[in-house]
Structure formats: C-alpha cells, structure tokens
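Before any comments, here is the structure.
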Amino acid sequence: MREKKLLDKAYDPKPVEARWSKFWLDEKLFVADVHSPGPKFSMVLPPPNVTGVLHMGHALCFTLPDIIVRWKKMQGYNTMWLPGTDHASIAVHNVIEQQLAEKGLSREKVGREEFLRIAWDWKNKCGGLITEQLKRLGCALDWSRERFTMDEGFSRAVKYVFVQLYREGLIYRDYYLVNRCPRCQTVLSDIEIEHKEVQGKLWYIKYPIPGTDDGVVVATTRPETMLGDTAVAVHPEDERYLKYHGQKVLLPLQNRLIPIITDERVEKDFGTGAVKVTPAHDPVDFELGRKHNLEQVIVIDGSGRMTEAAGPEFQGLDRFVCRQKVVEKLQELGLLVKVENYTHAVGHCYRCKTVIEPHLSWQWFVKIEPLAREAIRVVEEKKIVFIPENWTKTYFDWMYRIHDWCISRQLWWGHRIPAYYCQNCQHIMVVMEEPAACEKCGGSLVQDEDVLDTWFSSALWPFATMGWPEQTEDLKVFYPTDLLATGFDIIFFWVARMIMMGMKFMKDVPFRQVFINGLVRDMKKRKMSKSEGNIIDPLEMIKKYGTDALRFTLSSLAVPGMDIALSEERMAGYRAFANKIWNASRFVLMNLSEEPFEPDPAQLTLPNRWIRSRLLRITRQLNSALEQYKFYEASEIIYHFIWHEFCDWYIEFIKPELRAGNKHTMAVMEDTLEKILRLLHPFMPYITEEIWHHLPGTGRSLLEASWPEFPDSWLDEEAENTMKFLQEIISEVRSIRAENKIPVREQVNLWVEGGETSRKVAGPYEAAIRQLAGVDRIEYVEELPADKKLLKGVAGTTKIGLLVAAPVNLEQEKERLEKELRKVREDIAKLEVRLNNPDFLAKAPAAVIEDHQKRLAELKLKQATLEKSLGELNERS
RNA sequence: GGGCGAUUAACUCAGUGGCAGAGUGCUACCUUCACACGGUAGAAGUCAGAGGUUCAAAUCCUCUAUCGCCCA
C-alpha cells in the first residue's frame with residue numbers, strides 16, 4: 001500500500017517557499033556543470049545594483065527568464081544562469097557621500113582610502129540584501145558562479161580591456177567639453193543626461209560697438225555665460241550683419257573686446273541671428289571655438305559656481321544666482337533689450353536631476369566608431385535578434401548617431417583608471433600593474449584620480465563573469481549566452497556596449513537573443529517611483545499573495561513590447577488559482593489508488609481519453625508560446641486548462657467512476673495531475689514542488705523531472721467531440737434550469753432526442769450527467785413530445801427537453817426562447833448574406849465556405865427547434 | 001521637430017483578414033462529502049473617429065483626435 005500524504009485545506013505559501021527555496025540551494029540544483037550532457041542553454045543575469053532593493057522591475061526581469069531556464073532545464077538542456085551584482089559607481093558614491101554629510105564630513109575630509117574602506121564596508125553589509133531577495137523569487141540562478149563587478153578577477157578584466165583599447169588607440173584622453181553634474185561632482189556620458197522641457201526665458205543683450213551708439217544684439221537662454229564669451233557669431237550670408245564682418249564688440253560687464261565671426265552653423269532664425277560664443281560652456285560654441293581658434297574662458301567651475309574669471313562682482317556666486325545678477329546689471333546699463341518666454345530642453349543628471357553644466361576638462365574617451373560598426377553588423381546579420389523585433393530599429397537609430405563615449409568619472413568608488421602620469425616629463429603610462437617609475441625618465445608617477453563609468457565594466461559582464469581573460473571551461477561551454485532578458489531603458493547603456501565589447505574581445509556575440517520586457521507601471525500606467533508613492537513592493541506582494549502568485553501575475557501580463565500595468569486584484573486572482581490547484585491536488589490525493597497501477601489505454605473511459613488528448617494539445621501550445629516568449633499566452637493556456645478543463649470538467653466528471661473504484665481512472669487522474677505540475681512548474685515553482693512531493697514515488701525535485709511529451713496516440717478527436725456533446729447537454733440543462741428558476745432540489749427528468757444513437761453516446765456516463773446537470777432520470781426518444789411540463793433546448797444539434805414536476809411558467813419560458821431565437825436569426829442572417837454573395841463563393845477559401853455552411857445548418861436546426869417549441873407554447877397559452 | 005506605442009465589456013488586457021475573447025468586478029441562485037481563495041447561470045461592446053483596400057477588416061492602408069514613452 002502506498003503512503004498517502006494529504007494536504008491542508010488551504011494553501012499557505014510561506015512555509016512552503018521557505019522550505020523549497022532552502023532545499024534547492026542546499027541541494028545545488030541550480031549549479032551548472034560544464035560536463036553535463038545535453039545542449040547548453042546559458043544566460044547571465046542583468047546585475048542589479050549591489051546596494052539596491054528588489055523592485056517590481058527586477059521581479060519581472062528575473063521571473064520571465066526563470067520561466068525559460070526552468071523550462072529548458074526540464075527539457076534536458078544543460079542550463080547555466082549566472083547571477084551577480086554591479087558596483088553602481090555613482091549611486092554608491094552618492095550614498096556614501098550622504099552618509100558622510102550626515103556626520104558633518106565630506107570625502108575630501110576623510111580622504112580616498114578611508115572613503116573606499118567605508119564604501120566596501122557598506123557593500124559587504126548591505127550588498128547581500130538584493131541577492132537574498134532574489135533567492136526568494138525562486139530564480140534558478142547558479143550562485144556558485146556569483147560575481148561582483150569589482151571583485152578581483154573582474155577588476156583585472158576591466159583593467160586589461162582598458163589597457164588593450166588604449167594600445168590600439170581606441171581609448172584616448174582629450175581636453176573636451178563634457179557634461180558635468182555640479183551636485184554629483186562628476187562628468188557624465190551623453191546618455192546619462194535626461195532632457196526635459198523647461199519653461200525658461202530668452203534674454204536679448206546688446207553688445208556695443210566701441211565708439212558708436214550701435215551694437216549687436218544677441219539672444220541667450222543662459223546670460224551668466226556671457227561673462228565667458230570670446231566672440232559673437234553670425235551667419236556669413238545674413239545681410240543684416242554684413243556690415244559688421246571683421247569688427248569687434250565690447251563684452252559688457254567684462255569690458256573685453258571680442259570679435260564678430262561668421263559661421264554657417266549659426267541659425268539665422270534663432271533670436272536676432274547673432275549669437276554669443278562661449279567655448280568653455282556650450283557644446284556648439286565649443287566646436288566653433290576650436291574651429292575659429294577662440295580662447296576658452298572658464299567662468300563656471302565644476303560645482304556650478306562662478307570662477308575668478310567671471311570677475312570680482314560675480315566670483316563665488318552660484319550659476320543661477322549669478323544669472324539674476326547679470327540680468328540686473330545689464331538692465332542697469334540699458335543693455336537688456338528684451339526678454340521673451342522660451343521653452344527649451346535642458347539636460348539634467350539622470351541620478352540626481354540637477355541641471356547639468358557643460359564643463360571643459362581632461363577626460364578619457366572610447367573611440368566608438370570601430371566598435372559600433374561591428375555591433376551594427378552582427379544585428380544586421382541577425383546574429384543577435386531583438387524580441388520584439390521593433391527594438392532593432394531603435395538600436396540602429398542610436399548606433400548610427402553614436403559619438404565617442406566619455407568613460408572617466410570624478411568619483412572614487414569604481415575601477416580606478418590604470419593611467420599613470422610622470423610628474424617629471426608628463427609622460428603617460430597605461431599598464432596593468434602599477435609601475436615603479438616613469439619608463440622614459442624614471443620620474444615619479446601619479447595614478448589618474450578618476451574611475452571608470454560603471455557601464456564600462458558592465459559591458460564585459462557576459463564574458464568577464466566566466467573568468468575572462470583566462471580561457472576557462474565556462475567560457476568554452478557557455479559563451480555566447482543564448483538569451484538576455486532586460487528592459488529597454490538600458491539598451492544603449494548596456495546591451496549595445498556588451499555587443500561592442502563582446503565582438504571586440506571574444507570575437508563573438510555575447511548573446512543570441514535579447515528579450516526586451518516592458519516597464520512595470522502602476523494601475524494608472526504611471527512609472528512607479530518613490531516620490532509618487534505608487535510603488536508596489538514585490539516583497540510585500542510575496543508576503544500577501546505568495547511568490548507563485550506574483551510570478552504568475554507578471555507572466556500573465558508580459559506581452560512582448562508592452563508595458564505592464566500591475567494590479568493587486570490580479571494578484572489576488574492568481575493566489576486563488578494557486579489555492580485551486582492545491583485543492584484539486586488535495587482531491588486527487590484523497591482518491592489515489594491503494595497500489596500503483598498502469599492504466600490500459602484500451603480501457604479508458606471517455607473523460608480520461610479526453611483529458612489526455614487535451615493535455616497533449618495544451619502542452620504543444622505551451623511549447624509554442626514559450627518558444628516565442630509569449631508569456632501571457634502560455635500563462636493563459638495553463639491557467640485555463642487547469643481550472644476550466646481539469647478541475648471544472650474532468651474531476652467533476654470522473655467522480656462517479658472514482659466512487660466505483662475504477663483503477664484506470666484513478667491512475668489517469670494521478671498521472672494527469674503529475675504532468676500538470678510539471679507544466680506549471682516553471683511558472684509556479686514552489687507550490688508545484690510542494691504538491692509533487694506529496695505524490696507517491698516522485699524524485700528529488702520537480703525541476704529534475706522531464707518536460708512532458710506525449711505520444712500522438714493520445715490525440716483523440718472522437719473523445720473530444722463526444723465530450724463536447726455531453727458538455728453541451730449538461731450546460732444546456734443548467735441554463736434552462738437557471739433561466740426558469742427551477743430550484744436545485746426539484747427533481748427533473750432529462751429527455752434527449754436521437755433515440756438509440758444518443759443512448760449509445762451518453763448512456764455510459766449517465767451517472768456523471770445526472771450529477772453535473774442535476775437531473776433524475778434520462779430518457780432517449782426519437783422526438784420530443786409536446787408537453788406543458790417540457791422545457792426545450794438544443795445541445796449542439798440535438799434537441800433536449802427538461803421534464804419538470806410543476807407546469808411551466810409560460811411567459812418566462814416564452815421570453816427565454818424568444819431571446820435565443822432572436823440571436824439565432826441574427827446569426828443566420830449574417831451567414832446568409834455571405835453565402836448568397838457570389839463573390840464570396842468564388843473567392844473565399846473552400847474551408848471557410850464549408851465552415852460557414854456547417855454553421856448555417858446548425859443554426860437553422862436550432863431555429864426550427866426554437867420556433868417549434870414557441871409554437872407549442874403559443875398554442876397552449 | 002523626429003520616432004515608437006496605445007485607444008476592444010465597468011476595470012486590467014489578449015486577439016496578424018473568416019462566429020468579438022479572458023481575468024477581475026457586477027447580477028441571480030447554490031455552504032452538494034477538493035476548494036466560498038468555491039460552484040452554476042447571466043448581463044455587459046458603435047473594437048477612439050473618418051475615409052479607403054478586400055468577397056470579408058478589431059486586424060491591412062491613409063488621415064484625425066486623445067494618451068504615454070524615447071530621441072533631438
């Protein structure tokens with residue numbers, strides 16, 4: 001006799017999740033082995049910020065690939081999914097600085113060494129939080145391979161790449177105008193700037209021509225920068241200014257003479273057509289300045305304060321305070337001609353939202369064009385495919401307009417740039433190991449103070465995590481990875497750069513498919529953000545509804561290319577689903593056979609043949625949906641099958657057979673549940689694992705069970721048709737009962753037309769029909785008689801009647817029939833219009849025409865039945 | 001200014017040319033021995049609007065409106 005482990009009445013996720021989460025990790029079920037058999041399937045996890053906390057975006061972006069990786073593993077793939085965290089240079093740097101500020105300290109006060117010590121301490125203390133939270137999601141991540149972008153090996157890889165690119169001339173140093181966040185005190189790359197429309201002003205300032213009353217009026221949105229102007233530019237063909245060519249104007253407030261230059265890049269339509277040129281504080285002016293050899297006067301420093309060069313009146317002022325003061329002064333001098341309202345895009349820091357300041361300084365850059373070329377090619381050649389495909393266009397649009405990448409950051413937390421400057425001869429050495437002295441003159445060396453952009457190291461993630469630059473087994477087996485799942489917001493930051501670096505250093509793509517998931521938004525489709533207070537916390541959802549419900553919710557809402565509006569109601573719905581599965585399993589467990597039993601296919605009753613046929617079909621549909629990453633579709637398929645076919649029909653239908661002790665049925669029931677658990681496991685790993693272990697004779701973990709495949713012989717169209725017929729009878733009876741408000745307790749008898757033919761089909765399942773439809777006796781007749789107490793309906797193409805004890809409420813019954821008749825007539829009319837159209841008959845495919853004809857025939861039969869029943873009713877009333 | 005996407009039941013959303021769907025909510029009935037986190041039945045739609053292509057359009061094309069996102 002087999003041991004029966006029964007389930008509690010309701011599913012309680014908490015203890016189950018805690019148990020299995022620990023079990024999976026203890027048993028090292030997610031740990032990959034390079035020598036395992038089977039085709040490999042590998043992924044790397046987009047490393048969350050080491051200091052982060054799990055949010056809904058993570059939950060989505062980790063759940064979806066987890067479904068895939070579990071599915072693949074069950075299919076026999078040698079799967080490897082590598083986790084890790086990112087050092088998040090600027091984010092952590094900001095946090096530490098804030099902590100220091102709270103203690104009245106600053107990074108300058110504590111110094112670099114102490115600062116890094118604090119940062120590492122903090123990383124060691126808090127860095128584990130997100131990984132712990134990740135484990136709760138149940139993701140099948142190989143923690144034995146966990147990496148951190150600043151661990152020793154990874155840091156070596158970063159250095160190696162920097163040195164290599166430098167030697168090839170792909171990294172260079174330049175005195176360049178870059179974006180600087182005055183608050184974060186660092187330079188940012190172009191894509192770290194967020195452009196926002198801002199309601200500003202356009203100030204018109206007159207620059208006098210010395211010795212005359214005349215002057216040139218320039219328009220600017222940033223009057224404070226005029227203190228650093230070194231020219232005024234006009235378009236060479238602008239007739240308004242021809243007479244000023246070659247002249248000089250007096251820069252107000254500074255009393256400096258500056259030239260009027262001409263350049264095609266000046267827009268004649270902007271402002272007055274004359275623009276002030278500030279090479280040190282505006283990107284366009286910077287270019288003009290280089291071209292025309294203009295002096296670069298820096299009037300704003302890296303913190304957004306005015307420099308000495310701004311003049312004694314303004315020195316030390318904040319740039320925006322200075323703006324006001326400059327405007328006031330100009331007004332006093334009568335040089336402010338007019339002020340207009342002006343809406344324009346202003347760059348803000350993506351981290352802290354401060355208005356960025358163009359800043360002239362020495363920075364390191366990656367020469368991007370040669371790298372981008374390859375990265376474009378592999379996508380063009382479909383060596384890498386974006387899913388959904390329309391992201392390819394976005395990728396190309398950006399890649400074609402890409403410019404050099406500023407990679408140095410004036411921060412301390414991160415990979416310090418391996419460049420050493422000779423204090424004696426200014427020689428620069430870029431090497432892996434810190435040199436003792438200058439290779440040229442033997443002078444002492446000082447290392448570059450800056451660190452690298454975080455994304456520089458993230459770009460190496462797919463291969464540096466596998467031990468590169470060593471030639472490791474992992475790299476041989478698992479690179480390139482198969483799939484990268486990530487959000488569209490980091491296609492440029494991360495995906496594109498991984499492709500560039502992968503091609504450059506591995507000579508192969510880092511991944512073959514990029515699945516772009518949508519953004520998780522709140523119910524009103526707003527971005528979730530702390531300031532809006534509309535965050536739905538995944539950990540709270542897990543607490544409330546269970547991890548499986550959260551996972552299933554995300555999966556069911558994940559339409560490729562679409563953002564997700566998350567609703568808690570939905571989650572409650574899937575918690576109910578978990579409970580439903582739990583209770584169906586509970587029922588199955590209560591009805592297991594005493595001994596294991598191999599069912600004989602030849603002896604299976606209808607519901608068993610039917611459920612196996614359906615199981616086969618939905619498994620194939622499920623595979624197809626997952627292959628296309630249609631998670632919503634996969635979820636719906638399995639949800640509908642479990643709830644509305646397995647629970648609502650199959651279990652209910654076999655109850656009489658179970659009571660009769662049919663061992664074949666018991667065995668099919670058990671087997672079907674077991675297969676369902678396998679199919680559902682990638683979506684709901686915890687509950688399925690728990691139930692599975694209650695079934696007798698199962699193994700170590702459901703994750704190690706194979707993905708179900710079924711023989712074609714399970715496909716049974718005849719059983720599906722017959723079952724459909726019985727379902728229609730039952731539904732029709734229920735419907736008639738409900739519409740006529742026949743109390744549940746009232747005994748009714750069912751009459752089915754078709755005589756012996758019908759008896760043959762339905763006869764063996766009368767027990768089930770009686771129970772499900774709530775009828776007493778079933779009669780098979782050639783034709784339904786006209787009877788006051790007979791309520792009539794149609795199941796498929798078969799007329800049925802319900803013989804009730806009390807006489808029929810004529811009006812109610814008439815209303816029901818008339819309503820149905822109206823609908824049938826409408827449908828018939830629609831079909832007839834088409835079928836009477838010669839063009840339709842000539843051009844539509846034969847199958848479509850046939851289908852239409854079949855439907856019309858069925859509807860006509862139904863119409864006739866309804867009309868007849870109505871006629872009988874009318875005769876009697 | 002350029003690009004992308006959305007607009008389908010009260011709500012959240014599926015639906016790539018052939019019967020307009022799901023979940024939630026709502027209404028009525030039912031505590032029947034797996035489950036009230038349940039069962040059964042039902043109501044609910046001008047598929048944003050206008051034009052076009054087609055035998056046939058929620059679906060393809062054009063325009064318009066509204067909303068959202070990205071880039072400059």
Side-chain angles (χ1 to χ4, degrees), chain A residues 6-12 190-191 193-195 197 344-345 347 388 390-391 393-394 397-398 401 488-489 491-492 518-519 521 523-527 545-546 549 553 556-557 559 561-591 630 632-633 635-637 639-640 643-644 647-648 651-652 655 659 730-745 771-774 816 819 823 826-827 830-831 833-845 847-849 851-852 854-856 858-859:
Chain A
L6 298 184
L7 296 169
D8 295 337
K9 194 168 171 181
Y11 174 55
D12 180 12
D190 291 332
I191 52 174
I193 308 305
E194 281 176 9
H195 293 272
E197 291 270 297
H344 59 132
N390 55 319
W391 288 107
K393 185 176 162 11
T394 310
D397 282 351
W398 186 68
R401 286 181 294 117
F488 63 82
D489 46 334
I491 291 181
F492 306 145
L519 236 50
R521 296 169 183 281
M523 282 156 290
K524 288 170 190 155
K525 287 192 188 173
R526 291 173 313 187
K527 236 176 178 164
Y545 304 104
T553 305
S556 73
L557 290 169
V559 180
M562 294 282 293
D563 284 353
I564 288 178
L566 199 63
S567 79
E568 233 186 286
E569 280 175 11
R570 193 112 180 185
M571 229 147 337
Y574 291 124
R575 177 185 57 182
F577 177 51
N579 195 57
K580 186 76 181 175
I581 300 156
W582 184 260
N583 275 288
S585 306
R586 191 163 167 255
F587 175 83
V588 171
L589 287 167
M590 292 192 303
N591 288 281
K630 292 184 176 175
Y632 65 100
E633 200 174 288
S635 315
E636 207 210 84
I637 289 165
Y639 176 94
H640 185 265
W643 200 315
H644 299 301
C647 293
D648 287 353
I651 288 184
E652 295 304 326
K655 278 179 179 173
R659 257 175 250 137
I730 293 163
S731 297
E732 182 70 5
V733 173
R734 286 167 173 172
S735 179
I736 295 171
R737 280 191 86 115
E739 298 260 339
N740 286 284
K741 301 210 179 350
I742 300 167
V744 183
R745 306 210 176 283
Q771 174 141 5
L772 295 183
R816 181 181 74 88
K819 202 179 105 194
K823 176 90 184 67
E826 272 172 34
D827 289 348
K830 267 192 247 171
L831 284 174
V833 166
R834 279 201 191 166
L835 284 166
N836 290 335
N837 182 343
D839 282 332
F840 174 73
L841 295 173
K843 290 178 184 170
V848 172
I849 296 173
D851 188 57
H852 276 60
K854 203 175 119 203
R855 262 163 40 211
L856 183 64
E858 275 173 25
L859 284 169

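Both backbone and side-chain heavy atoms feed into the values below; hydrogens, waters and symmetry mates do not. Source: prediction; values computed, not measured.
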Under 4.0 angstrom between [X] side-chain N/O and [N] OP1 or OP2:
| X | N | value |
| --- | --- | --- |
| A/His644 | B/G23 | yes |
| A/Ser731 | B/U40 | no |
| A/Tyr632 | B/G15 | yes |
| A/Trp643 | B/G39 | yes |
| A/Lys830 | B/A20 | yes |

Rounding to an integer number of angstrom, what distance separates [N] and [M] when you compare their [atom1] atoms?
| N | M | atom1 | answer |
| --- | --- | --- | --- |
| B/A58 | B/A50 | P | 13 Å |
| B/G45 | B/U40 | C1' | 25 Å |
| B/A36 | B/G25 | P | 16 Å |
| B/U66 | B/C30 | C1' | 46 Å |
| B/C29 | B/A43 | C1' | 15 Å |
| B/A9 | B/G49 | P | 11 Å |
| B/A22 | B/A41 | P | 13 Å |
| B/C26 | B/A10 | P | 15 Å |

Complementary nucleotide for [N] - Watson-Crick or wobble, under 3.5 Å:
| N | value |
| --- | --- |
| B/C69 | B/G3 |
| B/C11 | B/G23 |
| B/U40 | B/A28 |
| B/C60 | B/G52 |
| B/A34 | none |

Indicate, yes or no, whether a donor-acceptor pair under 3.5 Å links the base of B/A28 to the side chain of A/Glu739.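 By the distance-only test, no, there is no pair.
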Below 3.5 Å, does any donor atom in the side chain of A/Lys580 face an acceptor in the base of B/C35, or the other way round?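 By the distance-only test, yes, there is a pair.
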Quick one: [X] [atom1] to [N] [atom2], roughly how many Å, whole number?
| X | N | atom1 | atom2 | value |
| --- | --- | --- | --- | --- |
| A/Glu732 | B/U40 | CD | P | 16 Å |
| A/Ile736 | B/C29 | CD1 | P | 20 Å |
| A/Lys843 | B/U54 | NZ | C1' | 8 Å |
| A/His640 | B/G15 | NE2 | P | 17 Å |
| A/Glu569 | B/C26 | CD | P | 9 Å |
| A/Met571 | B/C37 | CE | P | 19 Å |
| A/Glu568 | B/G25 | CD | P | 14 Å |
| A/Ile581 | B/C35 | CD1 | C1' | 12 Å |

Regarding [X], tell me which of base, sugar-phosphate or nothing describes its non-hydrogen contacts under 4.0 Å with the strands shown.
| X | result |
| --- | --- |
| A/Tyr639 | sugar-phosphate |
| A/Pro838 | nothing |
| A/Asp648 | sugar-phosphate |
| A/Arg401 | sugar-phosphate |
| A/Arg570 | base |
| A/Lys741 | nothing |
| A/His195 | sugar-phosphate |

Considering only heavy atoms from C-beta outward, does the side chain of [X] approach that of [Y] to under 4.5 Å?
| X | Y | answer |
| --- | --- | --- |
| A/Lys580 | A/Tyr639 | no |
| A/Ile849 | A/Leu835 | yes |
| A/Val833 | A/Phe840 | no |

Heavy-atom pair with the smallest gap, counting every atom of A/Ile651 and A/Ala584: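 Distance-wise, the nearest heavy atoms are CD1-CB, 4.0 Å.
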Would you mind telling me which residue lines up with the more 5' stretch of RNA chain B, A/Val848 or A/Arg834, judged by nearest nucleotide?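 Taking each residue's closest nucleotide, the earlier one in sequence belongs to A/Val848.
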Residue mapping more 5' on RNA chain B - nearest nucleotide basis, A/Lys819 or A/Ala576: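 Closest to the 5' end, via its nearest nucleotide, is A/Ala576.
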Taking only Lys NZ, Arg NE, NH1 and NH2, and the carboxylate oxygens of Asp or Glu, determine whether A/Lys393 and A/Asp397 approach each other closer than 4.0 Å.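 A salt bridge links A/Lys393 with A/Asp397.
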Can you tell me which nucleotide in [options] comes closest to the side chain of [X]?
| X | options | answer |
| --- | --- | --- |
| A/Met590 | B/A34, B/G3, B/G18 | B/A34 |
| A/Glu636 | B/C35, B/A22, B/C55 | B/A22 |
| A/Leu557 | B/A41, B/C37, B/U12 | B/U12 |
| A/Arg734 | B/G3, B/A41, B/G18 | B/A41 |

Roughly how far, to the nearest 0.5 Å, is the OH atom of A/Tyr574 from the OH atom of A/Tyr545?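 Interatomic distance, A/Tyr545 OH to A/Tyr574 OH, rounded to 0.5 Å: 14.0 Å.
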Between atom CZ of A/Arg855 and atom CZ of A/Arg834, what is the distance when rounded to the nearest 0.5 Å?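 These two atoms lie 7.5 Å from each other.
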Any side-chain to backbone donor/acceptor pair from A/Asn837 onto A/Asp839? Under 3.5 Å, distance only.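 Judged by distance alone, yes, a pair lies under 3.5 Å.
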Whether A/Arg570 side chain and A/Leu557 backbone form a donor-acceptor pair below 3.5 Å: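 Between the backbone of A/Leu557 and the side chain of A/Arg570 there is no qualifying donor-acceptor contact (under 3.5 Å).
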